[in-house]
There are 2 protein chains.
Amino acid sequence: MQVTRAVDYGLRALILMSRQPVGARFFLQDLAQDGGLPRNYLVKVLKSLACAEIVRSHRGIKGGFSLGRAPREISLRQVFESIDGPVTVMHCLPDPGSCSYSGKCAAEVFFGQLRQSILANLEAHTLQDLLDLQAKIDCSKNCACHPEPAHAETTARKG
Amino acid sequence: MQVTRAVDYGLRALILMSRQPVGARFFLQDLAQDGGLPRNYLVKVLKSLACAEIVRSHRGIKGGFSLGRAPREISLRQVFESIDGPVTVMHCLPDPGSCSYSGKCAAEVFFGQLRQSILANLEAHTLQDLLDLQAKIDCSKNCACHPEPAHAETTARKG
DNA sequence: ACATCATAAGACCTCAATGTCCTTTTGTCA
DNA sequence: TGACAAAAGGACATTGAGGTCTTATGATGT
């Protein structure tokens with residue numbers, strides 16, 4: 001019952017990117033450093049997100065990654081599924097034919113309901129919600145005398 | 001975001017055992033066969049459940065496994081945690097010290113809430129609920145002309 | 001054209017989850 | 001007490017998640 005590291009990393013990178021206007025460029029290197037994420041693994045996650053057009057990738061010397069659309073248009077379910085594939089909760093749920101007990105199994109029914117509630121939750125929230133949450137956290141931290149983020153480079157590159 | 005096979009198998013075995021009075025004995029062999037579970041893996045899961053006193057194991061020629069207490073006294077959270085350890089959802093949640101972003105991370109807050117809702121769900125339901133669900137399924141199946149369970153041995157051994 | 005530096009792509013490694021197999025220990029019964 | 005059949009326990013194989021590394025490819029400035 002764990003969120004995979006891939007989704008975790010993807011969300012952290014997306015939160016960093018959401019703090020700047022859509023279209024702002026971010027280098028893999030900076031995202032990894034500022035998010036405390038393994039660079040060479042993050043690149044695979046971002047590739048999945050690029051396939052789903054949640055982010056755009058730009059090659060070349062002034063390349064980088066940018067958000068593909070506004071944070072409010074990116075549901076957490078879309079992030080989960082573009083990285084991990086369908087949210088299954090129990091392996092037999094999305095493919096009833098794979099289990100000979102399908103349709104006569106209490107566990108299947110119970111976890112089907114749990115899955116629906118999780119999916120509803122992920123679908124009801126967008127990256128914007130996480131961004132708002134982050135803004136609230138940052139504000140309360142800044143009011144006290146907390147240290148600055150590790151790298152000023154988190155801000156997007158100016159073309 | 002998946003329930004592990006171990007928990008899946010454990011629940012299936014517990015549902016089989018719950019259909020007989022507490023104390024009834026079940027051989028590993030029968031549980032595995034009737035539940036369609038890998039015998040040699042199931043034994044490890046049952047050992048975890050035995051450590052948590054959710055089941056009792058009995059050695060010797062007329063040994064087997066029995067429920068440790070009434071299905072209504074076994075919450076699904078207990079089953080999950082005795083097999084898999086704490087339900088973490090996100091690896092850093094139960095141990096804030098493990099993550100340098102703890103307390104300043106929107107993902108942590110969001111998944112903390114998701115975790116609470118999952119835990120509440122697992123805590124609010126017991127094996128008895130799954131049993132009731134199973135009874136309902138069995139009833140509706142028997143009213144139609146569905147095949148019998150694979151093995152009559154699913155019924156407990158009469159000591 | 002070419003050097004530079006970004007992502008793209010894929011090989012490769014490690015480890016935990018999953019699953020199998022075999023030997024040992026233990027309780028029952030003749 | 002000895003044979004039998006059950007769980008206990010540990011070694012080992014397989015698979016996928018998580019992570020690293022190297023080479024290819026493309027955009028930019030000179």
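Quick caveat, the model's predicted, so the values are computed rather than measured. A, B, ... follow the sequence lines: proteins, then strands. Residue 1 opens every chain.
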Could you state the [atom1]-[atom2] distance from [X] to [N], rounded to the nearest angstrom?
X	N	atom1	atom2	value
A/His91	C/dA17	NE2	P	17 Å
B/Leu37	C/dT18	CG	P	13 Å
A/Phe65	C/dT7	CZ	P	6 Å
B/Leu46	D/dG9	CG	C1'	15 Å
B/Phe27	C/dG27	CZ	C1'	12 Å
B/Leu42	C/dC21	CG	P	16 Å

Contacting residues from residues 50-58 of chain A, given that a heavy atom lies under 4.0 angstrom of DNA chain C: A/Ser57, A/His58
Which residues share a side-chain contact (heavy atoms from CB on, under 4.5 Å) with B/Glu108, sequence neighbours left out: B/Leu93, B/Ser102, B/Cys105
Pairing residues for A/Glu123 by the side-chain contact (heavy atoms from CB on, under 4.5 Å) criterion, not counting sequence neighbours: A/Arg77
To the nearest 0.5 Å, tell me how far [X] [atom1] sits from [Y] [atom2].
X	Y	atom1	atom2	result
B/Ile83	B/Lys44	CD1	NZ	14.0 Å
A/Arg12	A/Gln134	CZ	CD	10.0 Å
B/Met17	B/Leu67	CE	CG	4.5 Å

Base-contact (B) and sugar-phosphate-only (S) positions in nucleotides 12-21 of chain D, heavy-atom cut-off under 4.0 Å, - elsewhere: ------BBBB
Sugar-phosphate, base or nothing in reach of B/Gly60, heavy atoms under 4.0 Å: base
Donor-acceptor under 3.5 Å (B/Arg115 side chain, B/Val87 main chain): yes
Centroid separation A/His58 to A/Phe65 less than 6.0 Å: no
From D/dG9, C/dT28, D/dT28, nucleotide with atom closest to B/Ile61 side chain: C/dT28
Atom of B/Val3, atom of B/Asp8 and distance for their closest heavy-atom approach: CG1-N, 4.1 Å
Minimum-distance pair of heavy atoms, taken over all atoms of A/Leu46 and A/Val55: O-CG2, 3.6 Å
Review item, nucleotides 23-25 of chain C N/O atoms under 3.5 Å of protein N/O:
residue: C/dT25; atom: O2; partner: B/Arg59; partner atom: NH2; Å: 2.7

Qualifying residues under ring pair (Phe, Tyr, Trp, His ring centres under 6.0 Å), relative to B/Tyr9, sequence neighbours excluded: B/Tyr41
Below 4.0 Å: OP1/OP2 of D/dA5 and any side-chain N or O of B/Lys62: no
Test side-chain contact (heavy atoms from CB on, under 4.5 Å) applied to A/His125 and A/Leu130, step by step: CA-CA 8 Å; A/His125 291 92; A/Leu130 293 190; over 6 Å; no
